[in-house]
A.B. asks: 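Here it is, the structure in full.
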Amino acid sequence: MSLEFLVASAVAALTAAGIYLTLRARTFSVVLGLAMLSYAVNVFLFATGRLSVDRPPIFDKAAEGYTDPLPQALVLTAIVISFGMTALVVVLSLRSYLETGTDQVDGRRDGPEDGA
Amino acid sequence: MALAGTTTALAVLLSLAPAALGGQVTQASIAWVPALDLNASLFLDPLGFLFAGLILGIGLLVMIYARSYLGRCEDWGRFFVVLLLFQGAMLGIVLSNNVLLLVVFWELTSLTSFLLIGYWGERAESRRGARMALVVTGAGGLSLLGGLLMLGSIAGSYELTEILGQREAIQASPLYLPSLLLILGGCFTKSAQFPFHFWLPQAMAAPTPVSAYLHSATMVKAGVFLLARLWPVLAGTEEWFVIVASAGLVTMVLGAAVALFQDDLKGLLAYSTVSHLGLLTMLLGFGTPEAAIVAVLHIINHAAFKAALFMNAGIVDHETGTRNFRHLGGLMGLMPIAGMLALLAGASMAGLPPFGGFLSKELMLEEAAHTVWGGSDWVVPALATLGAALSVAYSLRYVGHVYFGPQVSTPKPAHDAPLGLWGPSAVLVAVAVLAGIIPQTLLGSLVSAVAGAVTGGPAPYLSLKLWHGVTPALLLSLLAVGLGLMAFGAVGALSRLRPPLPEARRIFDATLDGAVRGSRQLTQAIHAPSLQRTLAALFAVAVALAAAAWTGGEPVTGGRAQISASFPAVVVWLALLAATTAVVALHRQRFLALVLISVVGLGVSLGFVHLSAPDLALTQISVEVVTILLMLLALNLLPKDSPPLDQAPRRWKDAALALAGGGAAGLGAWAILTRGADTALPDYYWANAYPGGGGTNVVNVILVDFRGFDTFGEIIVLGIAGLAIFALLDTTARGAAGRRLARWAEGLPQSPERHPMMLVVASRLMLPLAIVVGIFLFLRGHNSPGGGFIAGLVFSIALLVQYMASGWDWTQQRRRLPDYALIGSGILAAALTGLGAVLLGLPFLTTGFDYFTLPVVGEFELATAMLFDTGVALTVVGAVLMALAQLARAAQRAEQEPTNREPMDIDPSREGAAP
Amino acid sequence: MNHLLIAPILLPALMAPILLLALRFRLGAARAVSLLSTAALLGFALVLVAQAATGRVESYALGDWPAPFGIVLVLDRLSALMVCLTALLAMLVLWHAVATGLDKRGWHFHPLFQFQLLGLNGAFLTGDLFNLFVFFEVLLIASYGLMLHGQGPARLKAGIHYVVVNLVGSTLFLIALGLLYGSTGTLNMADMAERVAAATPDDRGLIAAGAAVLTVVFALKAAVVPLHLWLPVTYASTSAPAAALFAILTKVGVYALVRSGTLIFPDGPDAVSSPAAYGLLPAALLTVVVGFVGMLASHHLREMAAYAVLGSTGTLLASAALFEPMPLAATLYYLPHSTFSTAALFLLADLVARRRAGYGDALAAGPSFAGAGGLGILFFLAALAAAGLPPLSGFVGKLLILDAVRVSPAWPWIWGTILMTTLIGVLALARAGSVLFWNRRDGEPIASPEPLGRVAGPVAGLLLALAALTLFAGPAADYARATADQLARPMSYVEAVLGPGE
């Protein structure tokens with residue numbers, strides 16, 4: 001198996017898990033899904049620089065090669081932004097739960113009819 | 001004011017009369033939207049002159065009348081402002097030389113009419129009448145707009161004078177029929193032609209001066225005006241004749257028939273107006289120049305007698321307190337002036353000699369007599385005669401029933417109206433009378449000039465006199481009078497015979513209510529708040545479009561050489577997949593899911609390490625720690641269990657969508673990974689990072705220098721997140737949320753040691769250590785993995801441990817800078833660093849660096865980028881602490897902890913503190 | 001090097017932290033600083049428009065790194081127009097928020113407001129696709145803050161939808177960026193335009209897929225059916241001034257669609273991938289219908305305004321989706337109108353709600369209330385604008401659109417939709433107006449919380465802006481036309497960024 005296959009399939013798995021979880025009806029699952037999607041997209045974005053082993057983008061005249069540093073920088077930015085967003089959505093869902101007494105995404109309450 | 005304005009305008013108009021009627025066309029044009037060929041372009045030709053005269057002349061009379069009609073308490077200002085606006089708009093229609101401008105004015109008359117009908121808006125019938133008129137005429141206006149745009153696109157210009165010269169091109173165009181239909185949609189709605197006539201009677205909820213002005217003399221004639229205006233290019237085809245003449249004929253007969261049975265004076269007049277508008281439409285529809293001239297003549301006659309009669313109805317209403325035939329009768333003795341005026345105007349409406357109405361009716365019957373419709377030469381004359389007969393009948397009913405016959409006691413004691421009320425109608429009646437007696441002198445030159453303008457050529461001679469000898473028209477006319485007398489005599493019997501016709505108004509109301517109900521159902525069905533549906537749509541559209549876009553047929557796999565995976569890589573991959581699957585399977589066990597997702601994060605970080613991305617790995621793992629901490633804190637307050645909500649079919653559907661999305665993303669990644677890369681950018685960064693950016697860690701140089709602007713935006717995002725989180729959590733203790741938190745806290749087992757000594761001591765020891773590590777990571781960031789962001793996270797974690805160990809209040813009291821200040825100063829520092837360059841004349845965020853040598857330390861580098869990075873670190877610390885500390889505080893408030901003054905609950909150094 | 005290009009970003013970037021650090025507890029001073037700063041922003045924006053109106057495209061290389069290696073800001077007619085529009089709207093909305101005391105009802109209103117402006121201006125000026133993503137995030141997270149400002153259960157519930165949907169949107173944005181970087185090797189929009197045009201067949205699939213996902217992301221921001229579901233509930237449950245400011249947020253989506261569709265993925269015989277190809281037109285027409293039908297269905301004035309946003313954005317895109325100069329020019333004329341008229345409806349809804357006490361902005365008869373006359377006139381004018389009836393600019397805009405779309409074989413559909421929905425809008429607004437201002441329920445007249453003159457200024461200002469747009473429709477349409485022409489010939493943009501072609 002090639003590294004490329006491992007990475008591509010990991011992206012697929014993380015994305016699928018993320019989509020499935022964000023489509024659930026409770027905020028906590030949605031937050032988990034968003035975290036999964038964020039992993040997926042970080043790996044995906046990173047992969048656009050192609051893969052190389054043991055060629056960190058630390059400048060050295062003796063280095064025989066280097067990996068594309070730009071996607072790494074982009075992923076770093078993306079990680080930070082998604083951290084800020086995740087923090088906000090976690091707090092928002094908590095606050096909304098405390099205010100409304102339900103953790104369903106559409107604000108419906110757990111009742112006998114839909115709690116099955 | 002209003003009177004003065006109208007009088008002046010009338011004077012100006014009359015001063016232009018010789019020019020206009022002498023065949024000279026006065027033009028004025030100001031460019032408004034040249035890009036659209038929409039110009040404020042006006043022209044005055046005989047047709048425009050006639051209508052402008054009607055609008056201003058009758059307008060003047062109506063305003064005088066309205067002054068007396070409206071009570072003292074009424075809102076005068078509003079009334080006259082809107083009335084003047086209407087007058088202006090109406091003038092605009094008849095003077096426009098640009099069809100788009102014409103539509104502008106057209107819609108303005110609909111809008112002002114809406115306001116005028118709704119003048120007594122607190123009455124339900126006014127509101128309904130106003131809305132109905134607006135919707136019907138507004139819809140017509142939009143239809144007209146469509147039609148005129150088509151017409152303009154055929155003619156290549158929206159200037160009317162250009163369009164009027166292109167009869168052949170227009171009638172040959174495939175767009176002729178659609179544009180004709182759309183334009184007629186506008187004309188028929190405005191001029192209340194069947195089946196759009198129903199709004200006019202409803203509009204009678206307006207004050208009577210408005211009815212007299214808008215709904216008899218002017219606005220409703222706008223449709224007829226436009227038919228006349230466009231007559232040269234649109235008329236003369238089979239389609240025109242069939243549609244226009246038939247609609248007019250039907251409206252004429254139907255309107256007259258319904259008018260006869262009205263119990264309301266204004267209702268009768270309204271339907272009579274509908275009928276006469278039908279007559280005009282029919283005449284224009286005949287498509288012959290002769291008929292067009294008759295139409296012009298009747299426009300003048302009708303305006304005179306109908307406005308007079310509306311004013312008369314207003315006088316009756318005003319002086320007796322009712323407009324209902326049942327409560328009226330025999331008023332001639334009490335109101336002789338009004339009675340005489342009504343008698344004369346009514347005779348003209350009935351078409352009796354020697355009044356103006358007779359003249360135009362005779363000529364109309366003459367035209368009808370030789371019009372063949374659908375292969376039959378008797379249909380049109382017969383129906384026209386029937387219409388005329390009914391006209392006689394309802395005129396008789398109006399005059400006879402109100403002013404003659406037995407006296408009926410009225411709500412108010414009746415007496416004649418003041419001059420202000422009857423004077424204006426007297427002027428109009430005088431016109432109606434003179435138009436019959438001295439037609440040639442009064443109207444001859446005007447009618448022939450106007451007719452010339454309508455037909456676009458020299459008008460055929462029209463003999464304007466009362467006696468033409470015994471013609472078929474005269475015989476039909478006599479027949480009509482006879483039938484009319486019979487019909488009047490049999491109103492009672494006929495009304496019982498009248499079949500219950502479906503009322504257009506009810507159909508309209510039902511349609512409208514249905515539309516509102518339907519729109520609510522539709523909107524509710526689409527927009528019922530559902531995050532799941534919203535997201536599913538988003539994912540589905542994205543996957544579908546991306547898949548559709550990949551149409552080239554090129555193979556997904558490219559030709560780049562692949563790297564074979566080592567055994568540890570496969571192990572990490574397997575672990576990652578297993579953890580991912582487990583998160584999905586076990587997401588309802590929330591604590592476990594958190595543990596599992598951190599395994600996923602760890603796997604991703606290991607992957608980054610392996611794939612030459614040490615910075616990423618370091619960041620990923622430290623963000624991971626903070627994120628999990630945050631989620632744990634939140635989970636503390638959220639319900640721990642989550643009963644499933646979705647049924648199996650939904651889960652399967654979602655799973656299918658998830659697999660499709662995952663597959664698409666995976667294939668995309670695969671396609672990229674197996675293709676060669678363009679290396680222009682990485683090569684440049686590699687070559688310039690050290691000489692140009694002063695750092696060997698290329699990723700860090702990109703972050704703080706090449707693409708420092710991204711980082712600038714990124715810390716702002718983080719800062720705003722902190723602020724938003726603060727705002728969200730600050731009020732948690734209040735209201736419903738506070739009560740819920742308090743209830744939650746009651747059920748918790750309390751640990752006796754909330755701030756255990758060992759943890760406190762360890763955290764104190766760790767603090768300096770963590771700070772040193774942070775500074776180290778910060779300083780070396782430019783050259784080796786590290787940097788402001790990671791350093792900021794390390795600082796934050798160290799500080800967070802203090803919170804955990806010693807509680808919120810204690811730590812908070814010992815902090816010099818509040819979180820929001822950290823955020824603010826961080827962003828400010830970054831912005832000012834960038835601004836420094838601007839002050840030196842360099843672009844924002846341009847960096848500078850130099851090397852310095854100090855004893856002991858040796859050579860080191862100072863770069864402005866480090867200042868920028870300091871801003872990053874400050875913001876990160878501020879935002880992270882804001883989020884986590886506030887969250888911790890919310891939890892703590894719920895526990896209703898007493899504020900601890902001491903760092904530890906059990907402090908060995910404190911005297912007597914031992915248990 | 002024209003430093004004025006950075007001003008619309010730098011000014012709020014400096015003001016927000018200052019408001020946060022120095023004026024957190026001094027409302028009066030914070031208001032003054034915030035208003036002054038926004039006024040200064042408007043001044044800068046006007047100068048930028050004047051500069052752009054010369055027809056020259058200018059670029060500003062941040063950090064002094066040449067494109068495509070560094071990030072550039074680009075000023076052309078379109079970006080200048082958008083920045084100016086933002087500043088004017090912001091000024092009036094901020095005035096309303098201050099006059100009605102909304103800024104007192106929660107933390108950090110003024111810093112968040114400035115951050116919001118920063119995000120918007122950055123998005124309009126940047127010439128780099130990843131940087132666009134960053135500014136999208138800035139403007140989104142600031143909008144989350146503003147959207148939730150004041151809170152309450154309904155707002156929190158709607159907030160979750162808004163935030164989560166946009167987070168997923170951001171994820172898709174990154175995927176699109178990945179696909180495009182992976183296939184073209186650049187992030188600079190001008191550079192990408194050249195590389196897309198020169199793409200090998202091997203890369204075309206990836207580029208097309210990236211363009212498709214990017215279109216989805218922008219369409220989500222613009223709230224195009226079926227990606228519009230988040231909008232009505234969000235806009236109807238936030239505070240009116242926030243919603244009024246958000247009138248420009250959907251326009252960011254429109255802007256991004258227009259920018260990417262003309263610069264990077266222009267339509268043409270051998271186009272790799274154009275947004276025009278993704279059914280944007282039918283989707284836009286459906287959006288128009290859904291929006292206006294929603295207006296008719298609304299129970300509250302604010303809800304109606306939210307649907308009006310959908311309707312007018314749809315109208316904009318129905319014309320823009322043709323990606324031809326004439327329709328594009330019509331779109332660009334209609335864009336300021338659509339922004340101001342929907343914002344005016346939101347602010348009016350707020351004024352009505354403040355004056356009708358318990359009846360709020362519900363479309364149900366209430367007792368008579370103070371200032372109904374004046375408010376009625378404002379409502380009437382705003383309704384004319386929102387429906388697109390004469391004499392205000394909405395009508396001129398719709399005329400321009402109807403006139404321009406004849407270039408497309410789909411014109412009967414566009415005409416039919418626009419004319420029919422205008423009628424529905426008229427009906428909806430007439431019902432709303434007559435029930436709010438004419439229909440009176442018996443009861444004690446409601447006393448006024450404040451004189452109307454003190455709070456009606458911003459609405460009147462928006463209406464004045466519309467009147468100006470009508471009166472000066474000629475020059476405005478000419479500017480729009482020149483902008484569309486500039487967009488149709490992206491070479492000047494590319495050369496301004498990358499230097500004259502080799």
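Each chain gets a letter, A, B and so on, in the order the sequences are listed, and its residues count up from 1. We use all heavy atoms of the structure for the numbers below, so side chains are in, but hydrogens, waters and symmetry mates are not.
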A.B. asks: Counting N and O atoms only, with roles assigned by atom type, does the side chain of B:R707 sit under 3.5 Å from a partner on the main chain of A:L74, one being a donor and the other an acceptor?
C.D. replies: no
A.B. asks: Which one wins on heavy-atom pair count under 4.5 Å against chain A: B:P529, B:A883, B:A528, B:A634?
C.D. replies: B:P529
A.B. asks: For each of B:G676, B:G713, B:G607, tally heavy-atom pairs with chain A at distances under 4.5 Å, and name the one with the top tally.
C.D. replies: B:G676
A.B. asks: What's the separation between atom OG in A:S2 and atom CG in B:L673, rounded to the nearest 0.5 Å?
C.D. replies: 8.5 Å
A.B. asks: Can you tell me if A:E4 uses its side chain to pair, donor with acceptor, with the backbone of B:T674 under 3.5 Å?
C.D. replies: no
A.B. asks: In terms of heavy-atom pairs under 4.5 Å with chain B, which of A:A47, A:G84, A:A25 leads?
C.D. replies: A:A25
A.B. asks: Does OH in B:Y690 sit with more than 12 non-hydrogen atoms of other residues, nucleotides or ligands closer than 6.0 Å?
C.D. replies: no
A.B. asks: Can you name the nearest heavy-atom pair linking A:D106 to B:L531, along with the distance?
C.D. replies: OD1-N, 2.9 Å
A.B. asks: Could you check if a side-chain atom of A:R24 sits within less than 4.5 angstrom of a side-chain atom of B:D654, using non-hydrogen atoms only?
C.D. replies: yes
A.B. asks: Side chain, backbone, both or neither: which part of B:L577 has a non-hydrogen atom closer than 4.5 Å to chain A?
C.D. replies: side chain
A.B. asks: Walk me through whether B:Q562 and A:F5 qualify under side chain to side chain contact (heavy atoms under 4.5 Å, CB included).
C.D. replies: CA-CA 9 Å; B:Q562 298 180 16; A:F5 173 75; 5.6 Å; no
A.B. asks: State the CG-OH distance between B:L659 and A:Y20, to the nearest 0.5 angstrom.
C.D. replies: 10.5 Å
A.B. asks: If you count heavy-atom pairs under 4.5 Å with chain B, which of A:V11, A:L76, A:V90, A:T67 comes out on top?
C.D. replies: A:L76
A.B. asks: For chain A, which of B:A593, B:G601, B:A671 has the most heavy-atom pairs under 4.5 Å?
C.D. replies: B:G601
A.B. asks: Name the region of A:T100, side chain, backbone, both or neither, that has any atom closer than 4.5 Å to a heavy atom of chain B.
C.D. replies: backbone
A.B. asks: Do A:L94 and B:L635 come within less than 4.5 Å of each other through their side chains, counting heavy atoms only?
C.D. replies: no
A.B. asks: How about A:M36 and B:V584: do any of their side-chain heavy atoms sit closer than 4.5 Å?
C.D. replies: no
A.B. asks: Tell me the closest heavy-atom pair linking A:A13 and B:T580, and the distance in Å.
C.D. replies: O-CG2, 3.8 Å
A.B. asks: Between A:S9 and B:W670, is a side chain to side chain donor-acceptor pair (under 3.5 Å) present by the stated rule, with each step listed?
C.D. replies: CA-CA 8 Å; A:S9 56; B:W670 175 251; over 6 Å; no
A.B. asks: Show your reasoning for whether side chain to side chain contact (heavy atoms under 4.5 Å, CB included) applies to B:L703 and A:T77.
C.D. replies: CA-CA 8 Å; B:L703 282 177; A:T77 306; 3.6 Å; yes
A.B. asks: Between A:S52, A:G49, A:A10, A:A17, which has the largest tally of heavy atom pairs under 4.5 Å with chain B?
C.D. replies: A:S52
A.B. asks: Mind ranking B:L793, B:D683, B:N700 by heavy-atom pairs under 4.5 Å with chain A and telling me who comes out on top?
C.D. replies: B:D683
A.B. asks: Please tell me if the side chains of A:F83 and B:V880 come closer than 4.5 Å, counting only heavy atoms from C-beta onward.
C.D. replies: yes
A.B. asks: Just wondering, do B:K653 and A:L23 contact through their side chains at under 4.5 Å, heavy atoms?
C.D. replies: no
A.B. asks: Check whether any side-chain N or O of A:R50 sits under 3.5 Å from a backbone N or O of B:R675 as a donor-acceptor pair, and report yes or no.
C.D. replies: yes
A.B. asks: If you tally heavy-atom pairs under 4.5 Å against chain B, which of A:L92, A:V31, A:I79, A:T22 wins?
C.D. replies: A:I79
A.B. asks: Are B:R590 and A:D103 close enough for a salt bridge, meaning some N to O gap below 4.0 Å?
C.D. replies: yes
A.B. asks: Below 4.5 Å from any heavy atom of chain B, which atoms of A:L37 appear? Answer side chain, backbone, both or neither.
C.D. replies: side chain
A.B. asks: Are the side chains of B:L594 and A:F28 in contact, using a 4.5 Å heavy-atom criterion?
C.D. replies: yes
A.B. asks: Can A:V53 and B:H610 be said to form a side chain to side chain contact (heavy atoms under 4.5 Å, CB included), step by step?
C.D. replies: CA-CA 6 Å; A:V53 180; B:H610 185 55; 4.0 Å; yes
A.B. asks: Please work out which of the three classes, parallel, tilted or perpendicular, describes the rings of A:F46 and B:F608, given edges at 30° and 60°.
C.D. replies: perpendicular
A.B. asks: Would you give the length of the straight line joining atom OG of A:S82 to atom CD of B:E714, rounded to the nearest 0.5 angstrom?
C.D. replies: 10.5 Å
A.B. asks: I need the residue from B:G722, B:A677, B:G668 with the largest number of non-hydrogen atom pairs under 4.5 Å to chain A.
C.D. replies: B:A677
A.B. asks: Who wins among A:D68, A:V75, A:V80, A:V105 for the most heavy-atom pairs under 4.5 Å with chain B?
C.D. replies: A:V80
A.B. asks: Do B:L535 and A:I19 have side-chain heavy atoms sitting under 4.5 Å apart?
C.D. replies: no
A.B. asks: Give the minimum heavy-atom separation between A:F44 and B:A665, together with the two atoms involved.
C.D. replies: CE1-O, 3.5 Å
A.B. asks: Considering only heavy atoms, which portion of B:A569 lies under 4.5 Å from any heavy atom of chain A: side chain, backbone, both, or neither?
C.D. replies: both
A.B. asks: Between B:A655 and chain A, which part of the residue has a heavy atom less than 4.5 Å away: side chain, backbone, both or neither?
C.D. replies: both
A.B. asks: Tell me the closest heavy-atom pair linking A:P69 and B:V698, and the distance in Å.
C.D. replies: CG-CG1, 3.6 Å
A.B. asks: Using non-hydrogen atoms and a 4.5 Å limit, figure out which bit of B:R533 sits close to chain A: side chain, backbone, both or neither.
C.D. replies: neither
A.B. asks: Looking at B:I672, B:I702, B:T581, B:L574, which makes the most heavy-atom pairs under 4.5 Å with chain A?
C.D. replies: B:I672
A.B. asks: Please give me the minimum heavy-atom distance between A:Y66 and B:P682, naming the atom from each residue.
C.D. replies: CE1-O, 4.0 Å
A.B. asks: Say you draw a straight line from OG of B:S566 to CG of A:L3; how long is it, rounded to the nearest 0.5 Å?
C.D. replies: 6.5 Å
A.B. asks: Hey, does A:L88 have a side-chain heavy atom less than 4.5 Å from the side chain of B:L728?
C.D. replies: yes
A.B. asks: Let me confirm one number: the CG-CD distance from B:N697 to A:Q72, rounded to the nearest 0.5 Å.
C.D. replies: 8.5 Å
A.B. asks: What part of B:W573 gets within 4.5 angstrom of chain A, counting heavy atoms only: side chain, backbone, both, or neither?
C.D. replies: side chain
A.B. asks: Mind listing the closest non-hydrogen atom pair of A:Y97 and B:L637 along with its distance?
C.D. replies: CE2-O, 3.4 Å
A.B. asks: Quick check on A:Y39 against chain B: is it the side chain, the backbone, both or neither that has a heavy atom closer than 4.5 Å?
C.D. replies: side chain
A.B. asks: What part of A:L21 lies closer than 4.5 angstrom to a heavy atom of chain B: side chain, backbone, both or neither?
C.D. replies: side chain
